[in-house]
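Here's the structure we're looking at; comments come further down.
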Amino acid sequence: MIKLHDLYFKPFISEEEIAEAVQNMVDAIAKDLGDEMPVFVGILNGSFMFVSDFVKKYPKPCEVTFIKLASYEGVKSTEDIQRLIGLTQDLTGRTVVILEDIIDSGKTLEEVHRIFKNENVKDLIIATLFYKPEAYAKDFKLHYVGKEIPNKFIVGYGLDYDGLGRDLPDVYQLKTTQYMTNLVLFGPPGAGKGTQANFLKEKYNLVHISTGDVFRYNIKNETALGMLAKSYMDKGELVPDQVTIDMLNKEVEKNAGANGFIFDGFPRTDAQAKALDDLMDSKDSQINAMVALEVDDEVLVMRLLERGITSGRPDDANESIIRNRIKEYYNKTAILKNYYAEQDKYYGVDGVGSIEEITVRLSKVIDNL
Ligand code: IMP
Ligand code: MG
């Protein structure tokens with residue numbers, strides 16, 4: 001991943017793939033032109049790298065020149081109109097091949113056609129390395145296309161984002177979500193997970209996704225996914241992971257502009273952890289850390305027994321039930337601890353001390369991510 005100005009981009013087309021696309025264009029054009037000596041016309045600035053590589057590979061004699069897009073204020077003061085400048089050569093009767101780095105809306109191409117209409121060229125051939133069919137809104141024929149790409153902003157290999165990125169030998173694509181810090185929060189019963197989640201949410205402006213809450217919300221509001229989940233629960237069956245993932249996906253999409261998420265109550269299994277990775281990957285994002293509050297069993301038992309006295313929660317009152325819940329927690333999370341530790345993403349945080357002390361320890365971990 002790279003950052004240019006305020007935006008993040010991910011690797012998209014490698015130097016090797018680009019070289020192959022350029023070579024294919026060279027082969028096709030050289031074959032079609034035969035012994036005709038073409039004038040290759042690059043559209044600056046974006047095409048400089050493409051034109052350079054292209055003509056180096058071109059097997060026969062050719063001429064190379066450039067024209068440039070210039071902005072000037074249009075007749076309507078709000079409208080920024082682009083025009084092409086720099087065509088000084090007489091191209092009467094010549095075979096002209098336009099070499100474009102990218103064709104997007106086709107506005108530039110329209111300008112090219114306008115300029116060449118009066119040049120009495122023999123042939124005007126359009127060749128573009130990259131082409132965004134979904135964005136193209138004109139009818140001009142594109143004779144040679146190196147690579148069709150989706151309608152997303154790219155940089156590198158001559159293409160820039162506000163002046164940066166032209167020098168990169170590979171092409172990068174704008175990430176659909178910008179950089180997020182996503183945490184999976186764990187803690188045994190009584191570790192103070194809820195308290196700390198609330199604090200993290202505030203301090204780092206993260207969205208707390210508690211799977212339990214998401215389920216209750218979907219079922220209460222009778223969403224399609226809620227009804228689907230309920231149909232399994234009513235039969236006493238486990239809700240399939242995909243249903244849960246779909247619900248989480250909705251939550252993530254609802255908050256696409258967030259700084260990140262705290263996942264709470266999910267994943268619980270290896271398969272779920274993998275599914276969560278895939279979900280984040282599909283959003284151009286990632287899980288950065290599994291943060292687990294670590295508290296000694298005896299301390300947990302004492303805390304929960306104390307809580308039982310005031311809360312009246314029956315599962316907090318009985319020591320053997322408490323010990324069982326703690327044991328179950330470790331049985332379940334051990335697998336996930338391994339899963340995230342293998343990716344160097346496991347962070348155990350000492351959960352014994354005052355709320356503020358624990359908060360400071362958590363912040364240290366997150367600030368270092
Ligand atoms: P069009 O006139 O809309 O076809 O766009 C062509 C020009 O817009 C290119 O020459 C680039 O300067 C710029 N452009 C279009 N798409 C991109 C992109 O994804 N990255 C960088 N520049 C782009
Ligand atoms: Mg261009």
Side-chain angles (χ1 to χ4, degrees), residues 1-15 17-19 21-22 25 29 39-55 64-76 78-87 96-117 124-178 284:
M1 195 170 62
I2 55 162
K3 190 182 186 197
L4 301 175
H5 298 295
D6 54 329
L7 295 180
Y8 289 89
F9 295 82
K10 58 176 178 177
F12 181 47
I13 306 168
S14 71
E15 202 175 346
E17 282 175 274
I18 297 168
V22 173
M25 293 178 79
I29 294 173
V39 185
F40 291 115
V41 179
I43 314 292
L44 291 173
N45 292 328
S47 74
F48 76 95
M49 220 182 254
F50 169 47
V51 174
S52 167
D53 285 347
F54 183 97
V55 296
V64 190
T65 187
F66 288 92
I67 52 180
K68 188 172 166 67
L69 253 185
S71 299
Y72 68 99
E73 286 300 308
V75 251
K76 288 180 230 149
T78 49
E79 205 177 331
D80 186 38
I81 293 178
Q82 305 259 44
R83 71 198 163 105
L84 286 160
I85 53 169
L87 188 59
V96 171
V97 182
I98 300 295
L99 293 181
E100 257 288 33
D101 48 338
I102 189 163
I103 291 180
D104 184 271
S105 70
K107 261 178 147 174
T108 311
L109 188 57
E110 185 169 52
E111 192 66 12
V112 166
H113 276 275
R114 202 182 58 74
I115 279 203
F116 280 91
K117 211 160 69 186
L124 184 65
I125 297 165
I126 309 298
T128 184
L129 178 57
F130 300 119
Y131 168 49
K132 296 177 182 170
E134 297 153 54
Y136 191 54
K138 306 286 178 196
D139 295 320
F140 305 109
K141 184 173 165 62
L142 309 181
H143 301 85
Y144 301 94
V145 171
K147 203 169 168 55
E148 290 192 4
I149 59 169
N151 191 10
K152 288 189 178 170
F153 194 78
I154 59 171
V155 293
Y157 200 71
L159 293 154
D160 74 311
Y161 165 49
D162 199 9
L164 294 182
R166 291 197 198 278
D167 55 324
L168 302 167
D170 305 286
V171 165
Y172 294 77
Q173 188 182 57
L174 182 66
K175 277 161 59 79
T176 40
T177 51
Q178 284 302 295
D284 286 340

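Below, all heavy atoms of this structure are taken into account, side chains as well, without hydrogens, waters or symmetry copies. In this text, all values refer to a predicted model and were calculated from it rather than measured experimentally. Order of appearance sets the numbers: ligands from 1, and atoms from 1 within every ligand.
At a 3.5 angstrom cut-off on N or O pairs, L159 does not count as close to ligand 1. At a 3.5 angstrom cut-off on N or O pairs, G106 counts as close to ligand 1.
Residue contact annotation: V155 has no non-hydrogen atom under 4.0 Å from ligand 1. Ligand 1 has at least one atom lying under 4.0 Å from a heavy atom of D160. Put simply, no part of E110 is less than 4.0 Å from ligand 1, judged by heavy atoms. For I154, the heavy-atom gap to ligand 1 drops under 4.0 angstrom.
Between the side chain of H113 and the backbone N or O of F140 there is no donor-acceptor pair closer than 3.5 Å. At distances below 3.5 Å, at least one donor-acceptor pair connects side-chain atoms of H143 with backbone N or O atoms of I126. Under the 3.5 Å distance criterion, the side-chain polar atoms of D160 are left unmatched by any main-chain donor or acceptor of G165. The backbone N or O of F50 lies less than 3.5 Å from no partner atom in the side chain of S47, so there is not a single donor-acceptor pair. The main-chain N or O of D284 is found under 3.5 Å from a side-chain atom of K175 such that the two form a donor-acceptor pair.
Shown in contact with D101 at under 4.0 Å from a heavy atom are these atoms of ligand 1, numbered in order with element: 10 (O). Here is the list of ligand 1 atoms found below 4.0 Å of a heavy atom in K107: 1 (P), 2 (O), 4 (O). Here is the list of ligand 1 atoms found below 4.0 Å of a heavy atom in T108: 1 (P), 2 (O), 5 (O), 6 (C), 7 (C).
Compare G158, G165, S105 by their heavy atoms: the one nearest to atom 1 (P) of ligand 1 is in S105. Of all the listed residues (V171, D162, D104, V112), D104 holds the heavy atom that lies closest to atom 5 (O) of ligand 1. Of the listed options Y161, F153, F130, F153 places a heavy atom closest to atom 18 (C) of ligand 1.
Under the 30°/60° scheme for interplanar angles, the aromatic rings of F9 and F153 are found to be tilted.
Side-chain contact check for Y157 and D53: at least one donor-acceptor pair (N or O, by modelled atom type) lies under 3.5 Å.
In summary, K107 and E110 do not engage in a salt bridge, as defined by a charged side-chain N under 4.0 Å from a carboxylate O.
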